[in-house]
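A short worksheet on the structure shown next.
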Amino acid sequence: MSAAFVEEQNMDDAVIDRDPAHDALPFRVVTAVRSVLGNGDGPYPLHEPEIGDLEAQYVNECVTSGWVSTVGPFVDRLEAALGETCGVSSVFATSSGTAALHLALAALGVGEGDEVIVPSLSFVATANAVSYTGAVPHFADADEWTLGLDPRALKKHMDDACVMEAGVCRAKASGRRVAAIIVMHAFGHPAEMDALKDVADAWNVPLVEDAAEALGSSYEGKPCGSLSRIAALSFNGNKIATAGGGGAVLTNDPELAQRVRHLGSTAKQPHRWEYVHDEAGFNYRMPSLNAAMLLAQVERLPDFIKRKRRLAARYAATFCSVPGADFMGQPPGARSNYWLNTIRLGVKTLAERDAVLAALIDDGILARPVWEPLHRLPMYAHCPKADLSVTERLADQLINLPSSAKLQRAEA
Ligand SMILES: *Cc1c(COP(=O)(O)O)cnc(C)c1O
């Protein structure tokens, strides 16, 4: 056999053989994401705010007016705009989403000696807000499709772990009152509110929405944030609309609204000159400067959502043909803001997931895994919990992809 022949055969092999690396999941996922984002240099952040002329105009108006603190017309205008967007009669703007959630729980009367059921699959603020009241988080499992609390698993768990005593739901193991159930709409996908409400009603426990990620999402035609007794929004820098930092408490209950307003603004009794506070309230009010910026963002929200949904549709179409990576679409009956686009990898180990993340990040695509489940964090490891096997599985399989509205140009 001549050397030339061997050489030629090697070259043929090189052309015919598949590169095994191209069969691997990391390669397939990077290729798919690149086909949506294009071949720019990046990096592509997970969620970048879009701040433009309108934000500058309102912030400038606010500065020029001198009303930069918590009193001023921009806070009122913002609260009215959010009430309109979320279909609620009362909005109280706060300094953060965590503050909003804490305030909502405090206004409901949650405190020392209580437990609050929360999803383990959430951002840490959901459980932290419970802790701040003195109550103990009690972790419940996620649903595979909505990624929010699973109403069927919740019912089963409460049937096992709770008793009803004189109209009050108590956790059997601790004897503590179950004072609330917090539902979180993960990545903007609404949880199954009707079924969750049935469970909560059966146990006479109020539902609270952590709607931090779901501004502009809706469920059965009704906006997230209007689907429970009281809800919290966040306007942190990476949320769909940002105030730099901020949050809001939403409710349709006038009495509860009054309580939120009082507790959230240092529990000061209204008076022309006296400074009298009737309990240890919180200084949680959003400053006007932030409200001005956020008002512009809320006015632009319909455009952000339109573009984010187009981007999501392109991810969805692309991942249809990627074995081992499923795009998480909006659940039935829901319309999602697609805050963070999410795929579920068909992997069995963290190492396999991390190989995908590393390949994306090496390519300038700043993907990230879902949060470490809350029941595994050191400060919550000893809290009561349901069977969390779905959460455990999802935690190893979900990753978020770049989702900024600016990745999708407006269509004519
Ligand atoms: C962002 C977020 C919050 C609140 O966060 P802040 O940074 O305090 O505004 C609460 N819960 C969830 C699920 C969130 O994603």
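In listed order, ligands and their atoms are each counted from 1.
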Does one side chain, of D141 or T391, offer a donor that lies under 3.5 Å from an acceptor on the other? yes
Would you give the length of the straight line joining atom CG of L101 to atom CZ of F123, rounded to the nearest 0.5 angstrom? 11.0 Å
Just to confirm my output: which protein heavy-atom neighbour is closest to atom 2 (C) of ligand 1, and how far is it? K239 NZ, 2.7 Å
Suppose I only count heavy atoms of S96 and a 4.0 Å limit; which atoms of ligand 1 are within that range? 8 (O), 9 (O)
Does one side chain, of D363 or Y44, offer a donor that lies under 3.5 Å from an acceptor on the other? no
Residue G97 vicinity, atoms of ligand 1 by number, heavy atom under 4.0 Å: 4 (C), 6 (P), 8 (O), 9 (O)
Which residue holds the protein heavy atom closest to atom 8 (O) of ligand 1, what is that atom called, and what is the gap in Å? T98 OG1, 2.5 Å
If we number the atoms of ligand 1 from 1 as shown, the ones under 4.0 Å from a heavy atom of N236 are 7 (O), 9 (O)
If you count the atoms of ligand 1 from 1 in the order shown, which ones are under 4.0 Å from a heavy atom of M184? 13 (C)
Given E50, which partner from the list K239, R409, R307 fulfils the salt bridge (charged side-chain N to carboxylate O under 4.0 Å, His left out) test? R307
Could you say whether the N/O atoms of W371 and ligand 1 ever approach to under 3.5 Å? no
Using a strict cut-off of 4.0 Å, indicate which atoms of ligand 1 neighbour a heavy atom of G246. 9 (O)
Atoms of ligand 1, numbered as shown, that sit under 4.0 Å from any heavy atom of A212: 2 (C), 3 (C), 10 (C), 11 (N), 12 (C), 14 (C)
Heavy-atom neighbours of H382 NE2 exceed 12 at 6.0 Å: no
Can D278 and H262 be counted as having a side-chain donor-acceptor contact under 3.5 angstrom? yes
When you look for heavy atoms under 4.0 Å from ligand 1, do you find them on the side chain of D210, its backbone, both, or neither? side chain
Identify which of P119, S122, S234 has a heavy atom lying nearest to atom 5 (O) of ligand 1. S234
Determine the sole option in R152, H138, K385 for which the side-chain hydrogen bond (donor to acceptor under 3.5 Å, both in side chains) test with H157 is passed. H138
